[in-house]
Amino acid sequence: MATSKVLAGAQVVLPTGTVPNGRVIVSETGRIAGSAPADPGAVETIDLTGHWLVPGFVDIHNHGGGGASFTSGTAEDILHGVQTHRLHGTTTVVASTVTDDMDALAQRAGLLSELAEQGDIAGVHFEGPFISPCRKGAHSEALLRHPDPAEVRKLIDAARGHARMVTLATELPGGIDSVRLLAEHGVIAAIGHTDATYEQTKAAIDAGATVATHLYNAMPGLGHRAPGPIAALLEDERITVELINDGTHLHPAAFELAFHHAGAGRVALITDAMDAAGFGDGTYLLGPLEVEVKEGVARLTEGGSIAGSTLTMDRAFKRSVTVDKLPVEDVVAAISANPAKLLGQYDRVGSLEPGKDADIVVLDAEFTLKGVLRKGDWVIEP
């Protein structure tokens, strides 16, 4: 017989603030309950004094982990990668693709949509092929193309209702029309891998773009006479900015600048992880390109461009609090609530409120991960 759980004694981070010596009740249905059942014999109490309870992490930009790639692996491989990230606190993950030919991307979208229908992933993010060759990063230049709305629509259709986001260089021919198409279909248009000017970026926002793909990375730097996309994305209240807080992608000052300027309500921490995340150094493939991972940093073998990351969300959380000195509540917003709202899933995940899935991360006093619940079941028992 299933029992309810009472997680007691921890500092519980709620949307309204942190409750010391709080408790979270998990019903036998795997949801957060408003009150304990009448029968105390059906309740398991777990003492978490000295710990923090925060919502499960929500990663909207992730290419794989545990040696498995979302961009090329089998369904079994993808599930292994998803489980790797669950072990690091990510209870909701969107699977990101990389640039490939259109037929291969459509086929990949079909496989990923099956896993989304099963509830294993939260949808599909297409990163490429509609990006700028000037800012291609770890994408194959030979496979890049302009964002033709008809081709964008092909990918949306291939995902069978599970396309969540498409990253575009919106200054390219067809870019603005593609943004409008995405907005009409309820898919996030994300500005990234772009060589756009300030003015071009503003036009894309006005057309319906709402996310900045890994702000700073794969776009022109901030200039005092030509401010470029970074200034336009940071200043506009309609934009949520993705940030990769691994200490490699961003200098701490750049991270702090973005967080301060956008505010905690407009930041989504992401991993941009590739298959080496949670696995180790070595040689990997990201799409068709070879990647060398040394000391946890992933770079293309040819050219040396950063190629995704080996970051996991528990490390991003800990770094944000201990290195960047951000309030825990702000980090929770950026790592759970904001991305859940972007996905339209805040009614189920992203905060510790009654009625939502019991997706919960247990951290110790030093913000090291000690336990993970997903839908009321322990992934890691504290």
Shortest non-hydrogen contact between [X] and [Y], atoms and distance:
X: N338; Y: A264; result: ND2-O, 2.7 Å
X: T74; Y: L111; result: C-CD2, 4.3 Å
X: V179; Y: A204; result: CG1-O, 3.8 Å
X: V93; Y: F70; result: CG2-CE1, 4.3 Å
X: L112; Y: V124; result: CB-CG2, 3.7 Å
X: T99; Y: P129; result: OG1-CA, 3.5 Å

Let me have the donor-acceptor pairs involving side chains of residues 288-296, under 3.5 Å, with sequence neighbours excluded, atom names and distances please.
from : atom 1 : to   : atom 2 : distance (Å)
E290 : OE2    : T301 : OG1    : 3.1
E292 : OE1    : T283 : OG1    : 2.7

Shared hydrophobic cluster for [X] and [Y] (ILVMFWY, side-chain gaps under 4.5 Å):
X: F259; Y: L215; answer: yes
X: V331; Y: L342; answer: no
X: I46; Y: V372; answer: no
X: L363; Y: M313; answer: yes
X: V152; Y: I176; answer: no

For a quick test of your reading: what N or O donor-acceptor pairs under 3.5 Å do the side chains of residues 374-382 make, sequence neighbours left out?
from : atom 1 : to   : atom 2 : distance (Å)
R374 : NE     : T91  : O      : 3.0
R374 : NH2    : G119 : O      : 3.1

- Trace of the side chain to side chain contact (heavy atoms under 4.5 Å, CB included) decision for Q11 with V13: CA-CA 7 Å; Q11 298 197 74; V13 182; 5.9 Å; no

- Message: Exactly one of E114, Q83, R108 should register a side chain to side chain contact (heavy atoms under 4.5 Å, CB included) with I78. Which one does?
- Response: R108

- Item | Identified side chain to side chain contact (heavy atoms under 4.5 Å, CB included) counterpart of V19 within the set L53, L14, V24 |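 The option that passes is L14.
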
Rounded to the nearest 0.5 Å, what separates atom [atom1] in [X] from atom [atom2] in [Y]?
X: L311; Y: I270; atom1: CG; atom2: CD1; result: 9.0 Å
X: I205; Y: L233; atom1: CD1; atom2: CG; result: 5.0 Å
X: L79; Y: I121; atom1: CG; atom2: CD1; result: 9.0 Å
X: S351; Y: D357; atom1: OG; atom2: CG; result: 10.5 Å
X: E141; Y: I131; atom1: CD; atom2: CD1; result: 10.0 Å
X: S336; Y: D359; atom1: OG; atom2: CG; result: 9.5 Å

- Can you tell me which residue pairs pass the side-chain hydrogen bond (donor to acceptor under 3.5 Å, both in side chains) test with a partner in residues 246-256, sequence neighbours excluded?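 Matches after skipping sequence neighbours: D246-H249.
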
Taking the side chain as C-beta and beyond, is there a heavy-atom pair between [X] and [Y] under 4.5 Å?
X: L181; Y: V187; result: no
X: T312; Y: T90; result: no
X: L155; Y: M102; result: yes
X: D314; Y: V361; result: no
X: S320; Y: F255; result: yes
X: L144; Y: K136; result: yes

- Query: Can D206 and R238 be counted as an ion pair, charged N to O under 4.0 angstrom?
  - Reply: yes

- Could you tell me whether K356 and D347 make a salt bridge, using a distance below 4.0 angstrom between a side-chain N and a carboxylate O?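 D347 and K356: not salt-bridged.
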
Look only at the side chain of [X] and the backbone of [Y], and say whether a donor-acceptor pair between them is shorter than 3.5 Å.
X: R145; Y: D101; result: no
X: R135; Y: A218; result: no
X: T201; Y: T197; result: yes
X: D47; Y: T49; result: yes
X: R315; Y: H88; result: no
X: T368; Y: D364; result: no
X: R266; Y: D236; result: yes
X: Y216; Y: L250; result: no
X: R164; Y: H125; result: no
X: E171; Y: D195; result: yes

- Please assess T18 against E329 for the test side-chain hydrogen bond (donor to acceptor under 3.5 Å, both in side chains), listing each intermediate value before the final yes or no. CA-CA 7 Å; T18 298; E329 295 83 359; 2.5 Å; yes

- Item | Candidate list R160, K154, R153, test salt bridge (charged side-chain N to carboxylate O under 4.0 Å, His left out), partner D157, passing option | R153

- Query: Between W52 and F367, what is the ring plane arrangement, given parallel below 30°, perpendicular above 60°, and tilted in between?
  - Reply: tilted

- Message: Looking at Q107, I want to see if its CD is surrounded by more than 12 non-hydrogen atoms of other residues, nucleotides or ligands under 6.0 Å.
- Response: no

- Task: Determine, stepwise, if the pair D100 / V98 fulfils side chain to side chain contact (heavy atoms under 4.5 Å, CB included).
- Result: CA-CA 6 Å; D100 207 333; V98 294; 6.0 Å; no

- Residues in ring-ring contact (aromatic ring centres under 6.0 Å, His included) with F126, at least two apart? none

- Query: Please, which pairs that meet ring-ring contact (aromatic ring centres under 6.0 Å, His included) have at least one residue in residues 176-204, sequence neighbours excluded?
  - Reply: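 Counting only pairs at least two positions apart or across chains, the ring-ring contact (aromatic ring centres under 6.0 Å, His included) contacts touching residues 176-204 are H139-H193, H193-H214.
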
Under 3.5 Å, sequence neighbours excluded: what are the donor-acceptor pairs made by side chains of residues 55-64?
from : atom 1 : to   : atom 2 : distance (Å)
D59  : OD1    : H61  : N      : 3.2
D59  : OD1    : T271 : N      : 3.4
D59  : OD2    : N62  : ND2    : 3.1
D59  : OD2    : T271 : OG1    : 2.5
H61  : ND1    : E242 : OE1    : 3.0
H61  : NE2    : H63  : NE2    : 3.3
H61  : NE2    : E127 : OE1    : 3.0
H61  : NE2    : D272 : OD1    : 3.0
N62  : OD1    : G64  : N      : 2.9
N62  : ND2    : H85  : NE2    : 3.2
N62  : ND2    : T271 : OG1    : 3.4
H63  : ND1    : S96  : O      : 3.2
H63  : ND1    : T97  : O      : 3.4
H63  : NE2    : E127 : OE1    : 2.9
H63  : NE2    : D272 : OD1    : 3.1

